[in-house]
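Step one of this worksheet: look at the structure below.
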Amino acid sequence: MPRVSQAHLDARRQQILDAARARFATHGFARTSMTDLVEASGLSVGSIYRYFESKDQIVAAICEQATHALPAELTAESAHDFLQHIRTLAREEDHARLVAQIYAEAAVSPALAALVQRQLEDLRQAVAALLPHHAPAAAERAAEAFVALCHGYTQQLAVRGDLDPAPYTAALMAIIES
């Protein structure tokens, strides 16, 4: 029997994650069954279980793929561009609704909560590093508020739909400049 290439295996795994990401964003975690993921991915149940033992593992894998498009420095323009990027992901990939679902699941799943907490800590540290003109404690406080406001904007996008990032940019700049 011919051996399947790593590229093929990686593509199948990503196919499952992409289907799950879309389904979780539109239907929620609790309202998505493995049967739904089979249908959405076009793969068999066995194929999905080859890569993931459970929906929890799929959600964790989705979280682990998360990237942050933080700018190299925090200016009014770069903060606006960052929020615009979040807005674009919400519009084009339903990302804000997916994040809302992940947070809801993290509220009841200690393992997922730990993963999300690590990612938030990494993000806060990355933001604090972009504030070299602040004392370390002030940079940490500003980073905490920056991340909270960005996640608040994401949650607003999930619930309210497309929102202009301008007022959020002004709030971010007030945080950065304080």
Side-chain angles (χ1 to χ4, degrees), residues 1-74 78 81-130 143 146-148 150-151 153-155 157-159 161-162 165:
M1 179 176 228
R3 181 178 157 98
V4 177
S5 72
Q6 188 61 46
H8 176 80
L9 295 172
D10 293 345
R12 286 300 149 261
R13 184 177 191 279
Q14 191 59 50
Q15 183 178 348
I16 295 163
L17 293 174
D18 291 344
R21 187 178 283 112
R23 182 69 191 199
F24 293 156
T26 59
H27 291 80
F29 183 78
R31 289 193 210 136
T32 299
S33 67
M34 288 304 270
T35 303
D36 294 326
L37 296 179
V38 166
E39 183 179 307
S41 69
L43 299 173
S44 68
V45 172
S47 293
I48 292 176
Y49 280 110
R50 176 180 185 169
Y51 297 94
F52 303 100
E53 293 178 12
S54 65
K55 283 194 312 182
D56 290 342
Q57 279 191 345
I58 295 171
V59 173
I62 289 170
C63 288
E64 288 166 356
Q65 285 186 336
T67 60
H68 303 291
L70 282 178
E73 62 180 338
L74 292 178
S78 68
D81 290 348
F82 179 65
L83 291 176
Q84 188 60 45
H85 174 71
I86 292 171
R87 182 184 190 192
T88 299
L89 287 175
R91 243 192 262 140
E92 295 176 3
E93 298 178 23
D94 232 353
H95 187 72
R97 289 175 52 176
L98 176 64
V99 170
Q101 293 300 321
I102 289 171
Y103 271 51
E105 188 60 24
V108 297
S109 168
L112 185 56
L115 175 59
V116 170
Q117 287 172 15
R118 276 193 313 276
Q119 289 179 321
L120 288 171
E121 178 57 28
D122 290 347
L123 183 56
R124 286 190 299 270
Q125 288 178 5
V127 170
L130 294 174
F146 183 98
V147 170
C150 289
H151 280 284
Y153 179 59
T154 300
Q155 296 303 294
L157 289 168
V159 175
D162 195 34

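Numbering starts at 1 and runs along the sequence shown.
You'll find the side chain of Tyr153 reaches within 4.5 Å of the side chain of Arg87, heavy atoms only. Residues Phe146 and Leu70 have side chains in contact (heavy-atom distance under 4.5 Å, counting atoms from C-beta outward). Ile86 is not listed as a side-chain neighbour of His95, based on a closest heavy-atom distance of 4.5 Å or more. Residues Arg91 and Asp162 meet the side-chain proximity criterion, which asks for heavy atoms closer than 4.5 Å. In this structure, Leu157 and Val99 have side chains that are not in contact, with every pair of non-hydrogen atoms separated by 4.5 Å or more.
Between Gln15 atom CD and Leu37 atom CG the span is 12.0 Å, to the nearest 0.5 Å. We find the CZ-CZ distance between Arg13 and Phe52 to be 4.0 Å, quoted to the nearest 0.5 Å. Interatomic distance, Ser33 OG to Glu39 CD, rounded to the nearest 0.5 Å: 8.5 Å. Once rounded to the nearest 0.5 Å, the distance linking CZ of Phe24 with CD of Glu105 reads 8.5 Å. A distance of 11.0 Å separates CG in Leu98 from OG1 in Thr154, rounded to the nearest 0.5 Å.
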Take Thr32 and Gln101 through the side-chain contact (heavy atoms from CB on, under 4.5 Å) test and state the conclusion after the steps.
CA-CA 11 Å; Thr32 299; Gln101 293 300 321; over 6 Å; no
Apply side-chain contact (heavy atoms from CB on, under 4.5 Å) to His151 and Leu120, showing your working.
CA-CA 10 Å; His151 280 284; Leu120 288 171; 3.3 Å; yes
Would you sort out whether Leu9 and Tyr51 count as a side-chain contact (heavy atoms from CB on, under 4.5 Å), showing the intermediate values?
CA-CA 9 Å; Leu9 295 172; Tyr51 297 94; 3.3 Å; yes
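No donor-acceptor pair under 3.5 Å is formed between the side chain of Ser41 and the backbone N or O of Ala19.
Shortest non-hydrogen contact noted between Ala128 and Ala143 is N-CB, 3.7 Å. Nearest approach of Ile62 to Ala20, heavy atoms of both residues: CD1-CB, 4.0 Å. Residues Ile48 and Ile16 share a closest heavy-atom pair of CA-CD1, 3.8 Å. Residues Met34 and Tyr49 approach most closely at CG-OH, 3.4 Å, considering heavy atoms. Counting all heavy atoms, side chain and backbone alike, Val38 lies closest to Ser44 at CG2-C, 4.0 Å. The shortest non-hydrogen separation linking Ala69 to Phe82 is O-CD1, 3.4 Å.
Checked for salt-bridge contact, Asp18 and Arg21 meet the test: a charged N lies under 4.0 Å from a carboxylate O.
Under the rule for a salt bridge (charged side-chain N to carboxylate O under 4.0 Å, His left out), the partners of Arg23 that lie at least two apart in sequence or sit in another chain are Asp36.
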What side-chain donor-acceptor pairs closer than 3.5 Å can you find for residues 108-119, not counting sequence neighbours?
{"residue": "Ser109", "atom": "OG", "partner": "Leu112", "partner atom": "N", "Å": "3.3"}
{"residue": "Gln119", "atom": "NE2", "partner": "Cys63", "partner atom": "O", "Å": "2.5"}

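For residues 42-68, there are no salt bridge (charged side-chain N to carboxylate O under 4.0 Å, His left out) pairs, not counting sequence neighbours.
Using modelled atom types and a 3.5 Å distance limit, the side chains of Gln125 and Glu121 yield a donor-acceptor pair.
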